[in-house]
Undergrad: 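Can you keep this structure in mind? I'll have questions shortly.
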Amino acid sequence: KEGKLVMNRKPAGRRSGQTNQPEVGWRGMGRRDFLSAGVKAAALAGAAGPLLAACGSSGGGGGGGGSTADDVLNIGLPVTPKDFAQTTKYLAAFTKQSGITVKPFTTNTATNTWVSVFQEVSTRLAGGEAIDSAYIATEGMQLFEKRGVLEPLDSYIATDQSAVSSFYSDVSPNMLANFRKLDDLGGKTYFIPIGYNVMSVWYNRKLFKSLGIAEPAPDWTWDDFGKAAAKFTASASGRLGFAIGAPVPGPFTDVYPWVLTNGGGILNSDQTKCTADMPANIEAATFVRSLVTKKLVNQPGGSYNAFNEAAVGKLGMFGAGIWPNTSIPLTQAQINDTFNIVPWPRQTASGTPVGVGGFPMFRQTRNKKALWEFIKFTISEEFQHGPVVNFGGDMPIRQSVARSAEFLKNFPPGTENFSNELAYSTMIVGVPNGSAVESEISTVWEQILTGAATPAAGMKTMQASVTQLMAQQV
């Protein structure tokens with residue numbers, strides 16, 4: 001998730017490129033937090049290799065036959081430094097149970113963006129490295145599908161249809177339907193989603209209470225949001241009401257939430273055509289630009305560590321999925337005691353983007369049966385109750401887990417809203433020439449926020465450029 005993350009956004013979804021420090025404060029371009037320089041790649045491969053091992057369920061593997069003690073898989077696992085020890089300890093038990101060893105490699109890069117992750121994985125594949133799988137977010141799924149480097153999962157699913165069907169029955173129907181519709185290629189299945197992120201607003205409820213600001217309700221509006229941001233900003237020098245993505249805004253985190261809550265959208269419903277210059281989108285851009293001119297947010301284009309600022313009471317609200325939980329420089333108890341989570345404020349409609357992640361089967365893998373066991377493991381109740389958030393900063397996709405008191409007690413109040421929002425969420429997937437498209441959306445939105453372009457002119461430019469980019473053969 002967001003995170004989760006855009007192709008060039010500093011994601012996950014779903015990552016941020018502003019710093020390589022472990023406690024990155026602002027995932028302004030993405031859905032989720034990956035390994036950063038605080039955990040060196042060499043240390044991960046060397047120290048974690050024996051421990052960061054995972055296995056499938058104890059049943060037989062898809063396509064016939066089970067796994068043996070000789071099974072070894074090389075998989076990219078996005079584990080944050082904060083959750084490294086917990087995740088390795090959890091997965092070690094499954095290695096002992098199954099005999100399937102996972103040798104992890106980090107997909108982290110210097111720029112820490114999704115497009116750089118996809119390039120990193122592509123380079124490794126092209127270089128002939130023995131990679132079995134890597135955690136891939138929604139935005140990159142079609143990229144790898146269309147390059148022909150993935151093995152369809154249909155035959156494996158057919159062998160374990162009961163287990164897969166049971167899993168799908170525990171996934172949000174709206175999200176699952178949208179995922180299947182938008183991430184289909186020739187009727188084949190290449191991904192089974194295991195985690196997700198939406199965009200919500202985190203707010204410092206202690207400061208809201210001390211300042212006499214009414215806590216947001218799930219149906220709060222842009223007007224409510226603006227008043228709260230203004231009151232918080234005026235409460236003390238150096239305080240801001242809200243944070244925008246830094247150093248540049250990301251489509252998933254900064255653009256889609258605002259246009260969707262105004263009944264708009266940068267792309268049409270099947271994401272085949274750009275609709276950036278529709279009036280609802282221009283109105284959304286105008287509103288966010290007003291936050292900048294009123295100085296209720298950090299100035300676009302600069303560096304800003306939102307998570308750190310929020311932790312010390314200098315920021316009232318920021319937008320994200322669940323991934324900040326591993327990046328805010330506070331203990332879990334302090335995070336739970338300080339923050340609350342609420343759906344994005346609405347203008348004409350409730351709305352949020354949603355992105356998912358999962359492990360594909362690379363066609364070159366020599367151990368498909370063992371890898372299918374690992375994929376099955378990631379959709380099992382056992383795994384979903386365990387390290388999904390730790391793996392990639394994503395919510396567990398099984399709703400029986402995500403809505404359970406056992407899970408929710410570990411996170412700030414309002415975490416259940418991540419599940420509630422799925423009913424009206426809009427799936428964001430990769431589009432043709434997706435890296436350039438997402439870069440253009442981000443660039444133009446920043447121009448609008450800085451005042452270099454008016455909202456109307458900027459969205460018109462975005463419309464023309466994205467339409468052209470989507471038509472290009474890459």
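Numbering of residues begins at 1 and proceeds along the displayed sequence.
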Undergrad: Looking at residues at least two apart in the chain, or sitting in another chain, which of them share a side-chain hydrogen bond (donor to acceptor under 3.5 Å, both in side chains) with R289?
TA: none
Undergrad: What heavy-atom pair brings F418 and A320 nearest, and what distance separates the two atoms?
TA: CE2-O, 4.1 Å
Undergrad: Within 45° of the ring axis of F167 and under 6.0 Å from its six-membered ring centre, is that where the NZ or CZ of R398 lies?
TA: no
Undergrad: Is there a side-chain contact between I194 and Q384 in this structure, where contact means two heavy atoms from C-beta onward sitting under 4.5 Å apart?
TA: yes
Undergrad: Okay, side chain of S442, backbone of E438: is any donor-acceptor separation there less than 3.5 Å?
TA: no
Undergrad: So do L260 and W344 actually touch side chain to side chain, heavy atoms under 4.5 Å?
TA: no
Undergrad: What distance do I282 atom CD1 and Q463 atom CD have between them, rounded to the nearest 0.5 Å?
TA: 9.5 Å
Undergrad: How far does CG of L291 sit from CD1 of I244, to the nearest 0.5 angstrom?
TA: 8.5 Å
Undergrad: Does the side chain of W372 reach to within under 4.5 Å of the side chain of M361, using non-hydrogen atoms?
TA: yes
Undergrad: Working to the nearest 0.5 Å, report the span between CE of M175 and CD1 of I397.
TA: 3.5 Å
Undergrad: Going by heavy atoms in the side chains, are E129 and N74 under 4.5 Å from each other?
TA: no
Undergrad: How about S303 and P247: do any of their side-chain heavy atoms sit closer than 4.5 Å?
TA: no
Undergrad: Looking at NZ of K227 and CG of D223, how far apart are the two atoms once the value is rounded to the nearest 0.5 Å?
TA: 4.0 Å
Undergrad: Could you check if a side-chain atom of M427 sits within less than 4.5 angstrom of a side-chain atom of K181, using non-hydrogen atoms only?
TA: no
Undergrad: Between N268 (side chain) and K273 (backbone), is there a donor-acceptor pair under 3.5 Å?
TA: yes
Undergrad: For residues E421 and S200, is any side-chain donor paired with an opposing acceptor at under 3.5 Å?
TA: yes
Undergrad: Relative to each other, are the rings of F362 and F144 parallel, tilted or perpendicular (30° and 60° limits)?
TA: tilted
Undergrad: Could you walk me through whether W445 and M459 satisfy the side-chain contact (heavy atoms from CB on, under 4.5 Å) test, starting with their C-alpha distance in whole Å, then the side-chain angles of each, then the deciding distance to 0.1 Å, before giving a yes or no?
TA: CA-CA 8 Å; W445 195 259; M459 299 311 284; 4.1 Å; yes
Undergrad: Can you confirm whether the side chains of S419 and Y196 place a donor and an acceptor under 3.5 Å from each other?
TA: yes
Undergrad: Do you know which two heavy atoms are closest between E446 and P249, and how far apart they sit?
TA: CB-CD, 3.7 Å
Undergrad: Atom CG in D170, atom CZ in R403: separation rounded to 0.5 Å?
TA: 10.5 Å
Undergrad: Is the positively charged end of R180 above the ring of Y168, judged by distance under 6.0 angstrom from the centroid and angle within 45° of the axis?
TA: yes
Undergrad: Do N281 side-chain atoms and V259 backbone N/O form a donor-acceptor pair below 3.5 Å?
TA: no
Undergrad: side-chain contact (heavy atoms from CB on, under 4.5 Å) between M395 and T415: does it pass, once the steps are laid out?
TA: CA-CA 10 Å; M395 284 286 290; T415 296; 4.3 Å; yes
Undergrad: In Å and rounded to the nearest 0.5 Å, what is the OG1 to CG distance from T426 to N174?
TA: 8.0 Å
Undergrad: Is a donor on one side and an acceptor on the other found under 3.5 Å between the side chain of T138 and the backbone of V429?
TA: no
Undergrad: Examine distances only and state if a side-chain atom of N340 and a backbone atom of P412 form a donor-acceptor pair shorter than 3.5 Å.
TA: no
Undergrad: Quick one: do Y304 and L240 satisfy side-chain contact (heavy atoms from CB on, under 4.5 Å)? Show the steps, please.
TA: CA-CA 11 Å; Y304 187 74; L240 292 175; 3.7 Å; yes
Undergrad: Please give me the minimum heavy-atom distance between F191 and I136, naming the atom from each residue.
TA: CE2-CB, 3.8 Å
Undergrad: Between K368 and R363 (side chain of the first, backbone of the second, donor and acceptor by atom type, cut-off under 3.5 Å), is there such a pair?
TA: yes
Undergrad: So does I341 get a backbone contact from the side chain of N417, meaning a donor-acceptor N/O pair under 3.5 Å?
TA: yes
Undergrad: Backbone N or O of L422 within a donor-acceptor pair of the S425 side chain at under 3.5 Å?
TA: yes
Undergrad: May I ask you to check whether F242 and F318 place their ring centers less than 6.0 Å from one another?
TA: no
Undergrad: When you measure from the side chain of T338 to the backbone N and O of I335, does any donor-acceptor pair fall under 3.5 Å?
TA: no
Undergrad: Taking the inter-plane angle between the rings of F359 and F374 on a 0 to 90° scale, is it parallel (under 30°), tilted (30 to 60°) or perpendicular (over 60°)?
TA: perpendicular
Undergrad: Could you pull out the closest heavy-atom pair between W220 and P343, with the gap in Å?
TA: NE1-O, 2.7 Å
Undergrad: Would T261 and S350 count as a side-chain contact (heavy atoms from CB on, under 4.5 Å) if you check the C-alpha gap in whole Å, the side-chain angles of each, and the deciding distance to 0.1 Å?
TA: CA-CA 5 Å; T261 51; S350 298; over 6 Å; no
Undergrad: Between F225 and W258, is the gap from one ring center to the other below 6.0 Å?
TA: yes
Undergrad: Would you confirm whether Q364, through its side chain, and V149, through its main-chain N or O, come within 3.5 Å as a donor-acceptor pair?
TA: no
Undergrad: Less than 4.5 Å apart, any side-chain heavy atom of E215 and any of Y203?
TA: yes
Undergrad: Looking only at non-hydrogen atoms, find the nearest pair between V292 and L449 and report the distance.
TA: CG1-O, 3.5 Å
Undergrad: State, with a plain yes or no, whether a side-chain heavy atom of L267 is found less than 4.5 Å away from one of M470.
TA: yes
Undergrad: Considering non-hydrogen atoms only, spot the tightest contact between S327 and F307 and give its length.
TA: CB-CD1, 3.5 Å
